[in-house]
Amino acid sequence: MTKPKIYLSSPHMGGNEIGYVNEAFDTNWIAPLGPNVNGFETDISTYLSGRKETYAAALVSGTAALHLALKMMNVCAGDVVMVQSFTFCGTTNPVNYLDAEIVFIDSELDTWNMCPLALKNAFEVYKNKSVKAIMPVHLYGMPAKMNEIQNIADQYGVPIIEDAAEALGSHYRAQNCGTFGEIAALSFNGNKIITSSGGGALVSKNKNYIDEALFLATQARDNALHYQHSQVGYNYRMSNVVAGIGRGQMEVLDERVAQRRDNNQRYREFFSDVDGITFQTEPDSDYFSNYWLTAILIDPQLTVGITRDDVQLALKAENIESRPLWKPMHMQPVHEGTKFFGTGVCEQLFEKGLCLPSGSNLTVKEFDRIFSALSIIFKK
Ligand SMILES: *Cc1c(COP(=O)(O)O)cnc(C)c1O
């Protein structure tokens, strides 16, 4: 008999989700609007707001949120967008929906996110082009070097679209991820730190962007008695049933962050006496990662030949899911020929990197299985 599967990151309900969902059924708010949608948006804004109020629009996905973020920054066909190459395709696909030109930016070794130096080099080459946005990502929850990226953005007068899909609950210099730059996207997909079973949010301090995005997200319907349209719209609004799950999840978000950070700590202790393993790590106390996924680098020169693939396959044999780091988007066939600025840091990270099971609901027994499988591989 095969052992039950241990997932990389599976949904973890808090308990109150079903109450909000039942409320939607009891009141027949089974629609892409309603009290749960409004409540979820308020919860998100309240969570993120610091010195300045943040507004949120709940949408069908993080990808949809990024699509509308690009629309709000007026990205059109032929415009240039500078995008972190080391990311999931949800960051890049919306740029392609708009037929804009992607310029890929390398990562740096401290956070594994957008390298300010490579970004600067890209601007030197593209300064006379129509660069409409910069898209950094907080990979696996680790905040990017937002201070330096913001300085470059300010210098060239180009707005930042922050992909905070993996970083809800993370912060940098006491400011929440999702509140940097002009506009940001969150994701509540099934494997994220909290989930609404699928969904996303667009967030910004500028209420006009959120209002305009909501208009586009509901088929761009003009104010008239009949259905009148002067723009092309989208059907991107979150359902009231799904938003109920999101509301319940917001109540346990901080607990989920603490659990993921505990997982990270456990792996660090396990690997503390193993050569050749390093972690994605907060560079200093400015950075606070939700450690959505614990990510390690495996250096075969120091592990006496054990590679990333060896570890992934050995875990798979025990029905334990792990996943290589995102394959850089500039290496993806779909983006062949796209410009890339950097020295290949993200390529090296991809080659050696693995995400370990990181769910907030992992049990002690499951950790025992994970560690015994790892002990065999690493002869511990
Ligand atoms: C998950 C994710 C997205 C997309 O979010 P969806 O809700 O799955 O559409 C975008 N960017 C990154 C970095 C992600 O991890």
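Start at 1 and go down the list; that is how both ligands and their atoms are numbered.
- Judged by a 6.0 Å distance limit and a 45° cone about the ring axis, R261 is positioned over the six-membered ring of F288.
- Ligand 1 has a nitrogen or oxygen under 3.5 angstrom from a nitrogen or oxygen of S187.
- With respect to the salt-bridge test (charged N to carboxylate O, under 4.0 angstrom), the residues R237 and E41 qualify.
- Aromatic ring centres of Y55 and Y209: separated by at least 6.0 Å.
- Remark: minimum distance from atom 8 (O) of ligand 1 to any protein heavy atom is reached at N189 ND2, 3.3 Å.
- With respect to atom 4 (C) of ligand 1, the closest heavy atom belonging to the protein is T63 OG1, 3.5 Å.
- For atom 13 (C) of ligand 1, the nearest non-hydrogen atom from the set H138, E166, K192, M135 belongs to E166.
- Applying the 4.0 Å criterion to heavy atoms of A165 picks out, from ligand 1, the atoms 2 (C), 3 (C), 10 (C), 11 (N), 12 (C), 14 (C).
- The backbone N or O of D163 lies less than 3.5 Å from no partner atom in the side chain of Q84, so there is not a single donor-acceptor pair.
- For ligand 1, the atoms sitting less than 4.0 Å from at least one non-hydrogen atom of V137 are 13 (C), numbered in the order shown with element in parentheses.
- By the 30° and 60° cut-offs, the orientation of the rings of Y140 relative to W112 is perpendicular.
- At under 3.5 Å, not a single nitrogen or oxygen of G90, backbone or side chain, sits near a nitrogen or oxygen of ligand 1.
- Between the OG1 atom in T92 and the NE2 atom in H335 there is a gap of 3.5 Å [rounded to 0.5 Å].
- To the nearest 0.5 Å, atom CD of residue Q231 and atom CG of residue L216 are 5.5 Å apart.
- Residues F188 and F40 place their aromatic rings such that the two centres sit under 6.0 Å apart.
- Crowding of E351 atom CD: a count of heavy atoms from other residues, nucleotides or ligands under 6.0 Å not exceeding 12.
- Taking distance alone, with nitrogen or oxygen atoms compared against 3.5 Å, W326 stays at or beyond that limit from ligand 1.
- Polar contact with ligand 1: present for D163 (N/O pair, distance under 3.5 Å).
- Residue-ligand proximity, S61 to ligand 1, at heavy-atom distances under 4.0 Å covers atoms 7 (O), 9 (O).
- Within the structure, the closest approach of G199 to ligand 1 falls below 4.0 Å when heavy atoms are considered.
- With ligand atoms numbered from 1 in the order given, ligand 1 contributes 5 (O), 6 (P), 7 (O), 9 (O) to contacts under 4.0 Å with heavy atoms of G62.
- Atom numbering of ligand 1 starts at 1 in the shown order; those under 4.0 Å from a heavy atom of T87 are 13 (C).
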